[in-house]
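Read through the structure below, which is laid out as structure tokens, and then see the notes.
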Amino acid sequence: MNTILECKNLTKSFGTTKALDGVNLTIERGRIVGLLGPNGSGKTTFIKICNGLLTPTSGEVRINGFNPGVETKKIVSYLPEKNYLNDWMKVSQIIRFFQDFYEDFSPEKAYDMLKRLNIDPNSRLKTLSKGTKEKVQLILVMSRDAELYLLDEPIGGVDPAARDYILDTIITNYNENAAVILSTHLIADIEKVLDDIVFLKEGQAVLNKTVDEIRDEYGKSVDALFREVFKC
Amino acid sequence: MLAKLLKYEFKATARWFIPIYAALILFALISRVLLHNDPFVLKEASSFLQIAVFLSMFIYVFLFIGIMVVTLVVMIQRFYKSLLGDEGYLMFTLPVQTWKHLVNKLLIAILWNLLSAAIGMVSIMLLVPAQELKELGSLLMYIKEYLGTMGYFSIPLLFLASIVFSIVQMYTAIALGHLFRKHKLLASFGMYIGINTVSQIVFILIILFFQYYLTSLSGPVPSLHPSHINMLILVTGIILAVLTAVCFIVTNIILKRRLNLE
């Protein structure tokens, strides 16, 4: 079982617009995959379907052989593009919450990262700035020993210094058994950590290659290729 | 997992209820001390005392209504915001079956409904002078007279069943509203009116049928025997339970198979 995620003919319509249009994709374990595309290309929709937060119109996703459900939620660690933290808990309480519900969650890792990023575990979630909340969410997600990390715009709202730390964390935290899918349009920052690239364009996967293949075949960086493919 | 969900749901909601319960009891006590040690004292009391009594009673009534509003609002908000709002991203990615989320919300909502009712009653008892409390005792007598000893069980059970149904009905309305692409809240409201109308019609039919049944038994002037009323309560209770189950199943299917957090 080397495939962690497989989707077949995945389609999602909102009214008359198709956010995803027949996406076929296979993601192997041990890879860091960049899901790249301009705004509205279906990145978030894809990730939300994999988490069971959206119901596909047709087609299906299998994660470790299962459709999204309790079995997949145990092994998928998801960073949404939204702030899902409630306002009444302290940072330490939300850590306790994750510890309660996820067997693979390591509070030691979480406290260690909080310390590195200078976040006080006793502060209330509602008093944190937007960027700090994003850091807390990322810490929660990366403190799990999951098999699949689905990170939606993980570095979008944080400062460049924290960005480097976060990317380091992503690379060092995952293991050969796990895969990371991260969506972003900040390609230059993230290119160095990626193994594979998926380009999404108007709900379709238009390119699915390794970073090395892209460099060999096109003789240019992913960032340059992106600018070419999605030229306005 | 359900126990853990319940723990967090209780914590998330208790911070609303505990302070307002405490305040209600406090103002019931203050009003009682000012007023009821001797009800006639007020007429000759200083205007200061009169204002104090008026104020504390005003705050008491305000809190009493406040508890009813908070109970309703928190119930709706904890379902709508924490499952179908942004917090739903957290809740629905937990490795927990959907029905457990539903049972969690429902049990905690029932708890606060019952507690709010109980606290409201306790506060009234604190306010009402002891001799008038005996009137309450005669209410129990009436129950026994009309329903027999069974009434002590059937009335509370019916009360509980109707609370549970009224909560699940709201969940179903919100879940159905969620199926709409736009104006979800408005759609939920419309759905609530729809479900409510259907259930009202069902109950009117039961009453009519019951009346017909009684008339057929004893001629034009129905005589009410405790067993008849208990039968009516039983039938109502069973129908409430069936409607509750239907609503619960519909809500569960929507949240499980048609979830679309946008």
Side-chain angles (χ1 to χ4, degrees), chain A residues 12-17 19 44-45 47-57 66-90 93-94 96-105 124-125 133 136-137 140-141 144 146 148-150 152, chain B residues 1-19 74 77-105 108 175 178-184 187 252-262:
Chain A
K12 176 68 184 174
S13 310
F14 295 108
T16 51
T17 48
T44 296
T45 303
I47 289 179
K48 276 161 74 173
I49 289 176
C50 295
N51 281 295
L53 297 179
L54 287 176
T55 311
T57 310
F66 297 99
N67 289 127
V70 174
E71 286 309 313
T72 68
K73 288 168 188 178
K74 281 181 189 164
I75 59 164
V76 172
S77 192
Y78 166 53
L79 180 79
E81 95 281 29
K82 279 208 171 133
N83 161 35
Y84 60 43
L85 301 174
N86 51 51
D87 55 8
W88 60 276
M89 280 191 190
K90 289 178 179 175
Q93 286 172 314
I94 191 83
R96 180 75 219 173
F97 180 91
F98 267 67
Q99 197 182 346
D100 266 348
F101 284 101
Y102 293 110
E103 283 172 22
D104 58 8
F105 184 81
R124 292 219 170 265
L125 293 173
K133 277 184 192 160
V136 170
Q137 288 193 159
L140 292 169
V141 167
R144 286 184 56 196
L148 177 64
Y149 297 87
L150 293 168
D152 199 353
Chain B
M1 284 295 183
L2 183 58
K4 289 172 185 167
L5 286 177
L6 287 167
K7 182 178 88 179
Y8 283 98
E9 187 63 18
F10 180 80
K11 278 192 196 166
T13 46
R15 71 207 167 92
W16 291 97
F17 290 101
I18 303 296
V74 168
Q77 203 213 28
R78 286 302 300 172
F79 189 82
Y80 187 71
K81 273 184 77 182
S82 112
L83 288 182
L84 299 173
D86 287 355
E87 256 186 84
Y89 283 67
L90 178 64
M91 300 316 287
F92 279 120
T93 46
L94 296 176
V96 172
Q97 288 92 338
T98 307
W99 67 266
K100 286 187 183 164
H101 284 298
L102 265 176
V103 171
N104 171 39
K105 298 288 175 201
I108 297 292
H178 176 75
L179 293 175
F180 286 73
R181 273 282 289 148
K182 286 174 185 166
H183 311 299
K184 289 175 193 270
N252 190 46
I253 289 174
I254 294 172
L255 294 188
K256 199 173 169 196
R257 309 216 178 278
R258 289 282 171 268
L259 186 68
N260 282 302
L261 298 183
E262 288 166 31

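Here is the naming used below: chain letters follow the sequence lines, and residue numbers restart at 1 for every chain.
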Donor-acceptor pairs between chain B and chain A under 3.5 Å, which ones?
residue	atom	partner	partner atom	Å
B:K4	NZ	A:D100	O	2.7
B:K7	NZ	A:D100	OD2	2.9
B:Y8	OH	A:F97	N	3.3
B:Y8	OH	A:D100	OD2	3.1
B:Y89	OH	A:K48	NZ	2.8
B:F92	O	A:K73	NZ	2.8
B:T93	O	A:Y102	OH	2.8
B:R257	O	A:T55	OG1	3.3
B:L259	N	A:T55	OG1	3.2
B:L259	O	A:T55	N	3.1
B:L259	O	A:T55	OG1	2.8
B:N260	OD1	A:K12	NZ	2.8
B:N260	OD1	A:T55	N	3.1
B:L261	N	A:L53	O	2.9
B:L261	O	A:K48	NZ	2.7
B:E262	O	A:K82	NZ	3.2

Partners meeting ring pair (Phe, Tyr, Trp, His ring centres under 6.0 Å) with B:F10 (sequence neighbours left out): B:W112

Chain B contact via A:F98 - side chain, backbone, both or neither, heavy atoms under 4.5 Å: side chain

Contacting moiety of A:L150, where chain B heavy atoms sit under 4.5 Å: neither

Min side-chain heavy-atom separation B:L94-A:F97 under 4.5 Å: yes

